[in-house]
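In what follows, a single structure is set out as structure tokens and then discussed.
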Amino acid sequence: MPELPEVEVVRRGLADHVVGRRITGVDVLHQRPVRRHLAGPDHFASALTDRTVLGAHRRGKYLWLPLDSGDALLGHLGMSGQLLVQPVGAPDERHLRVRFGLAGDGPERELRFVDQRMFGGLSVSAQGAELPQEIAHIARDPLDPLFDEEQFVHRVRRRSSGIKRILLDQTVVSGVGNIYADEALWRAGVHGDRLGAKLTARQVREVLSGAREVMRAALHEGGTSFDALYVNVNGESGYFDRSLAVYGRAGQPCRRCGAQVERVAFMNRSSHFCPVCQRPPRAPRGATASPARGSGRRH
DNA sequence: GTATGTACCTGTTTGC
DNA sequence: TGCAAACAGGTACATA
């Protein structure tokens, strides 16, 4: 599942293998991945054909490729999207959605957008040189040199939502998904249900620091991979999943204290945490204790 | 402006 | 064995 490190790995691959090449043709094999291109698949294809890719940029989990037309190809991998560079004639992937012909130095290639679950998407943005207007609302990510840490602390502490939900809000901080939110919170020793407004500035900084640590580590190892749904442009998976502390480790011992990692439902997905290292907030007056969470103390 | 819940998707796993 | 339900989760959107 692509989060910031995975998307950055893909961006680097695009910078190496696609920038400087000309798009010779576009084949939209499924309409859903271009649903955000409101002018339709034919317009999407014609706006890209015979255009040269000038760069490969990223904001959070969004990628965009400025073109010599002044437009940009804007993309998001969603949950299962892949951008692969393949030789012409390579067998089609099972979930191949959009194919781009590429000409330039060396043999002809294809850029392929493969997406099993089709949460991802591609569109052509009219703004190529700068941040596309479609993603102007996406905040900078924690690894961005221009990320404003003080503003982040301020915004988190103004919110009365749980810190995990805030971390997943891409308008507050980008690039954090379910996996790295759990990992960052574990590193900071903060439970995801703790309200932003109830955290100290120091705790918010520790969560941010945890996010940076886990993202840097993942980036170093080429991204997280669980089920072959995430691969880089060469089709290679990352190996970071071996280093995850809580995500996907329910019932296994916490790597720090040995307590059993817990998994609870959260926003139609899962949260993983150590009930000892990350003490849940006290239930509001009148609320009953959640049996899934227990007392928070297991030793 | 903020908080919260849900639709969108498909392949795999789980349970009956 | 076969079917149905649950599950995975990022984003946009609707509602309060």
Side-chain angles (χ1 to χ4, degrees), chain A residues 1-8 10 29-38 58-64 74-83 93-98 113-123 125 132-139 141 151-152 154-185 192-199 211 215 218 223-231 237 241 244 246-251 263-272 281 284 287 292:
Chain A
M1 299 137 206
E3 296 189 31
L4 184 147
E6 291 78 13
V7 178
E8 175 59 20
V10 172
L29 302 166
H30 199 294
Q31 299 221 356
R32 181 166 166 80
V34 298
R35 64 194 179 281
R36 302 263 167 230
H37 190 83
L38 301 179
R58 179 182 62 75
R59 168 64 68 98
K61 301 172 202 166
Y62 282 91
L63 292 161
W64 79 97
L74 177 64
H76 194 291
L77 300 177
M79 278 181 58
S80 53
Q82 302 170 20
L83 281 165
E93 291 75 11
R94 186 173 173 193
H95 302 292
L96 177 60
R97 308 303 187 191
V98 184
F113 183 70
V114 177
D115 191 0
Q116 177 199 106
R117 295 174 195 168
M118 291 192 289
F119 278 61
L122 302 170
S123 62
S125 169
Q133 174 264 325
E134 293 90 336
I135 56 171
H137 61 292
I138 303 293
D141 66 70
Q151 187 191 43
F152 172 75
H154 180 68
R155 289 190 68 185
V156 168
R157 298 186 70 214
R158 260 184 27 214
R159 293 246 189 155
S160 57
S161 297
I163 180 64
K164 178 164 178 181
R165 180 143 193 156
I166 300 171
L167 284 177
L168 295 177
D169 183 342
Q170 304 294 302
T171 68
V172 177
V173 57
S174 70
V176 182
N178 199 44
I179 301 168
Y180 294 148
D182 282 356
E183 293 298 312
L185 290 166
D193 287 346
R194 298 281 301 277
L195 304 185
K198 300 257 178 159
L199 295 176
M215 283 177 173
T224 301
S225 177
F226 297 92
D227 50 10
L229 283 181
Y230 163 70
V231 290
S237 294
D241 58 303
L244 294 174
V246 282
Y247 184 86
R249 295 192 63 247
R263 171 185 170 277
V264 294
F266 169 80
M267 283 170 66
N268 291 330
R269 57 206 67 180
S270 296
S271 274
H272 304 77

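Letters A, B, ... are given to chains in the order of the sequence lines, protein chains preceding strands, and every chain is numbered from 1.
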Legend entry - Distance, rounded to the nearest Å, where A:Ile166 contributes CD1 and C:dG10 contributes C1': 18 Å
Inset, instruction - Please step through side chain to side chain contact (heavy atoms under 4.5 Å, CB included) for the pair A:Glu183 and A:Leu244, ending with a clear verdict. - result: CA-CA 7 Å; A:Glu183 293 298 312; A:Leu244 294 174; 3.7 Å; yes
Inset, instruction - Could you check which of C:dT11, B:dT4, B:dG11 has an atom nearest any side-chain atom of A:Lys61? - result: C:dT11
Inset, instruction - State, with a plain yes or no, whether a side-chain heavy atom of A:Arg97 is found less than 4.5 Å away from one of A:Leu29. - result: no
Inset, instruction - Using a 4.0 Å heavy-atom cut-off across all strands, classify A:Asp115 as base, sugar-phosphate, or nothing. - result: nothing
Inset, instruction - Output the single nucleotide from B:dC9, C:dG10, B:dT4 whose closest atom is nearest the side chain of A:Ser161. - result: B:dT4
Inset, instruction - May I ask you to test the A:Met118-A:Pro33 pair for a side-chain heavy-atom distance under 4.5 Å? - result: yes
Inset, instruction - To the nearest Å, give me how far apart CZ (A:Phe266) and C1' (C:dA8) are. - result: 15 Å
Inset, instruction - Let me know the distance between CZ of A:Arg35 and P of B:dC9, rounded to the nearest Å. - result: 7 Å
Inset, instruction - Enter the distance from A:Arg94:CZ to A:Gln116:CD here, rounded to the nearest 0.5 Å. - result: 7.5 Å
Inset, instruction - Taking only the side-chain nitrogens and oxygens of A:Ser80, find out if one of them lies under 4.0 Å from OP1 or OP2 of B:dC9. - result: no
Inset, instruction - Measure from the side-chain heavy atoms of A:Arg158 and tell me the nearest of C:dA8, B:dT10, B:dT2. - result: B:dT2
Inset, instruction - Could you check whether A:Arg36 gets within reach of a base, just the sugar-phosphate, or nothing at all, counting any heavy atom under 4.0 Å? - result: sugar-phosphate
Legend entry - Candidates B:dT12, B:dC8, C:dA8 - which lies nearest the side chain of A:Arg94: B:dT12
Legend entry - Minimum-distance nucleotide to A:Gln116 side chain [options: C:dG10, C:dC7, B:dG11]: B:dG11
Legend entry - Nucleotide of C:dG10, B:dC8, C:dT11 approaching A:Gln170 most closely (side-chain heavy atoms): C:dT11
Legend entry - Selection from B:dG5, C:dT11, C:dC7 that lies nearest to any side-chain heavy atom of A:His76: C:dT11
Inset, instruction - Round to the nearest Å and state the distance from A:Asp193 atom CG to B:dA3 atom C1'. - result: 15 Å
Inset, instruction - For the side chain of A:Arg263, starting at C-beta, report the closest nucleotide among B:dT6, B:dC9, C:dC7. - result: C:dC7
Legend entry - Spacing between A:Leu4 atom CG and C:dG10 atom P, to the nearest angstrom: 13 Å
Inset, instruction - Give a yes/no answer on whether the side chain of A:Arg32 brings an N or O atom under 4.0 Å of OP1 or OP2 in B:dC8. - result: no
Inset, instruction - Verify the contact: side-chain N or O of A:Arg269 to OP1 or OP2 of C:dG10, cut-off strictly under 4.0 Å; return yes or no. - result: yes
Legend entry - Donor/acceptor link under 3.5 angstrom from A:Arg117 side chain onto base of B:dG11: no
Legend entry - Length of the line joining A:Arg97:CZ and B:dT10:P, which is rounded to integer Å: 7 Å
Inset, instruction - Identify, between A:Ser160 and A:Asn268, the residue whose nearest nucleotide on DNA chain B lies closer to the 5' end. - result: A:Ser160
Inset, instruction - Among C:dG10, C:dA12, B:dT4, find the nucleotide with the atom closest to the side chain of A:Tyr62. - result: C:dA12
Legend entry - Overall bend - the helix from B:dT2-C:dA16 to B:dC16-C:dG2, comparing terminal axes fitted on five pairs, nearest 10 degrees: 60°
Legend entry - Any A:Tyr62 side-chain heavy atom under 4.5 Å of A:Pro132 side chain: no
Inset, instruction - Could you tell me the separation between the OH atom of A:Tyr180 and the C1' atom of C:dG10, rounded to a whole number of Å? - result: 15 Å
Inset, instruction - Quickly work out the A:Met118 CE to C:dT11 P distance and round it to whole Å. - result: 18 Å
Legend entry - Close side-chain approach of A:Leu83 and A:Leu63, heavy atoms under 4.5 Å: yes
Legend entry - A:Leu4 and A:Arg58: CA distance, side-chain angles, deciding distance, side chain to side chain contact (heavy atoms under 4.5 Å, CB included) verdict: CA-CA 9 Å; A:Leu4 184 147; A:Arg58 179 182 62 75; 3.4 Å; yes
Legend entry - Presence of salt bridge, A:Arg32 and A:Asp115, under 4.0 angstrom: no
Inset, instruction - Quick one: label A:His137 by what it contacts on the DNA or RNA (base, sugar-phosphate, nothing), any heavy atom closer than 4.0 Å. - result: sugar-phosphate
Legend entry - Ionic contact status for A:Lys164 with A:Asp182, cut-off 4.0 Å: yes
